[in-house]
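Read through the structure below, which is laid out as structure tokens, and then see the notes.
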Amino acid sequence: PAAQVARTGMLGRLFSSTPTIAEPRRELDDVMLEELEEMLIQADMGVETALRVTANIAEGRMGRRVSATELKELLADEIARIMTPVAKPLPLYPKRPQVVLVVGVNGSGKTTTIGKLASQFKAAGKNVVIAAGDTFRAAAVEQLQVWGRRAGVPVMTAPEGADPASLAFDAMIRAEAEGADLLMIDTAGRLQNRQDLMEELAKIVRVIRKKDPSAPHNTLLVLDATTGQNALSQVETFQKLADVSGLVMTKLDGTARGGVLVALADRFGLPIHAIGVGEQIDDLDAFDAREFARALVG
Ligand code: GDP
């Protein structure tokens, strides 16, 4: 089904592919709606959202004959309507430093996203500091240092196993002293140890607030599009662990179907600040609702 969607768009099988002079039309009836629903679910949109989108398309149109082009437009409009309110770049505040806590499960793309964001903000003339808060994974710290060098941004580290909260505190002091505009703090993503993780994040927040009661100003949750519907439960979990203020969806290049973003927007309404579209430093795009809707519909 994923390959099918990739080849022909999610409406591929709804209309005959035989080329004719006039575009074929089909009556919008229960059978067609059911097929449409099934396709939206296969595109990772989730049952609830697929049902709602289908119902909205059906409203006032039952019995009408529609072409694939018309149906695509209706669908793209519905998706864009859901996505437009959440398409918001990371807000920048006059507060110095603006503290951005970055959370998410290991492998979701936190390190990469921090590197890409740092590079974009640096290019925009912002003074950025990164804190490698996942002190338990030496590889993650090294990786973040690599990204820091690429972006031309200092990365604060602590010895393996050190307390991430004290690193965060030191990073606050350094960022303040340097007049940094932004401090991005990476965190651990060991979900198998939920209680520990919750305490660790809470402690980081507590310590940051000692320096600045208004911090963290953003808590970014990084999600991997290839995990499909699992992304929904990750949002629920991380909302319990931290005060998630916005999302970045990675790995929307390749075969990920992306429909899960519609489900996320529909269910949580959290801002989508950016999308990852590759492994290189420039592969982070602003989220454009209409463009996304059009690409998803195919
Ligand atoms: P972390 O464990 O959450 O810090 O995840 P990493 O940043 O180390 O990313 C895990 C893997 O996903 C790495 O191999 C990255 O290159 C890859 N990755 C991250 N973002 C993207 C993306 O947008 N597209 C693709 N194709 N790969 C990505």
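It should be emphasised that the depicted structure is a prediction, and the values quoted were computed from it without experimental measurement. Whatever order the structure lists ligands and atoms in, that order sets their numbers, starting from 1.
The shortest separation from a heavy atom of Val105 to ligand 1 is under 4.0 Å, placing the residue in contact. In this structure, Ala140 falls outside the shell of residues with a heavy atom less than 4.0 angstrom from ligand 1. In this structure, Asp283 falls outside the shell of residues with a heavy atom less than 4.0 angstrom from ligand 1. Proximity of Gly189 to ligand 1 is not established, as no heavy-atom distance is less than 4.0 Å. Using a 4.0 angstrom heavy-atom cutoff, Lys116 counts as in contact with ligand 1. Residue contact check for ligand 1: Gln143 places no non-hydrogen atom closer than 4.0 Å to it. Judged by the shortest distance from any of its heavy atoms, Gly104 lies outside the 4.0 Å radius around the atoms of ligand 1.
When Thr226, Thr111, Leu144 are checked for heavy-atom proximity to atom 8 (O) of ligand 1, Thr111 turns out nearest. Atom 16 (O) of ligand 1 has its nearest heavy-atom neighbour, among Met249, Lys110, Glu279, Lys251, in Glu279.
At distances below 3.5 Å, at least one donor-acceptor pair connects side-chain atoms of Thr250 with backbone N or O atoms of Leu223. Put simply, the side chain of Arg209 gets close to the backbone of Ala215: a donor and an acceptor are under 3.5 Å apart. Under a 3.5 Å cut-off, the side chain of Gln98 and the backbone N or O of Pro91 do form a donor-acceptor pair. With Thr187 contributing its side chain and Val102 its backbone, the two residues share a donor-acceptor pair below 3.5 Å.
Here's the thing with Gly278: one of its N/O atoms is less than 3.5 angstrom from an N/O atom of ligand 1. Among the atoms of Thr250, none of the N or O lies under 3.5 angstrom from an N or O of ligand 1.
Counting the atoms of ligand 1 from 1 in the order shown, those under 4.0 Å from a heavy atom of Asn106 are 2 (O). In the vicinity of Val277, heavy-atom distances shorter than 4.0 Å reach the ligand 1 atoms 23 (O). Ligand-side atoms of ligand 1 in range of Gly276: 23 (O), range being under 4.0 angstrom from any heavy atom.
The closest protein non-hydrogen atom to atom 5 (O) of ligand 1 is Gly109 N, 3.0 Å. Counting protein heavy atoms only, atom 10 (C) of ligand 1 is closest to Gly107 O, 3.6 Å. Looking only at protein heavy atoms, the nearest one to atom 7 (O) of ligand 1 is Thr112 OG1, 2.6 Å.
For the pair Pro154/Val129, a side-chain contact is recorded, criterion being any heavy-atom separation below 4.5 Å from C-beta on.
Between Glu291 and Arg294, none of the side-chain N atoms (NZ, or NE/NH1/NH2) sits under 4.0 Å from a carboxylate O, so this pair counts as no salt bridge. We find that Lys95 and Asp212 are joined by a salt bridge, their nearest charged nitrogen and carboxylate oxygen being less than 4.0 Å apart. Ion pairing of Glu70 with Arg64 is absent here, as no side-chain N (NZ or NE/NH1/NH2) approaches a carboxylate O to less than 4.0 Å.
In this structure, Thr157 OG1 and Asp170 CG are separated by 10.5 Å, a value rounded to the nearest 0.5 Å.
Residue contacts with ligand 1 for Arg137 involve side-chain atoms from C-beta outward but no N, CA, C or O (heavy atoms, distance under 4.0 Å). Neither the backbone nor the side chain of Thr113 comes within 4.0 Å of ligand 1, counting heavy atoms alone. The proximity of Asp253 to ligand 1, defined as any non-hydrogen pair under 4.0 Å, is limited to the side chain.
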**Study point:** Verdict with supporting geometry, Ile82 and Arg52, side-chain contact (heavy atoms from CB on, under 4.5 Å)
**Key:** CA-CA 11 Å; Ile82 295 173; Arg52 186 165 16 254; 6.0 Å; no
**Study point:** Phe136/Glu200 under side-chain contact (heavy atoms from CB on, under 4.5 Å): CA gap, chis, key distance, verdict
**Key:** CA-CA 12 Å; Phe136 290 89; Glu200 188 173 309; 3.9 Å; yes
Point to revise | Verdict with reasoning, Asp266 to Met45, per side-chain contact (heavy atoms from CB on, under 4.5 Å) | key: CA-CA 10 Å; Asp266 192 37; Met45 221 178 263; over 6 Å; no
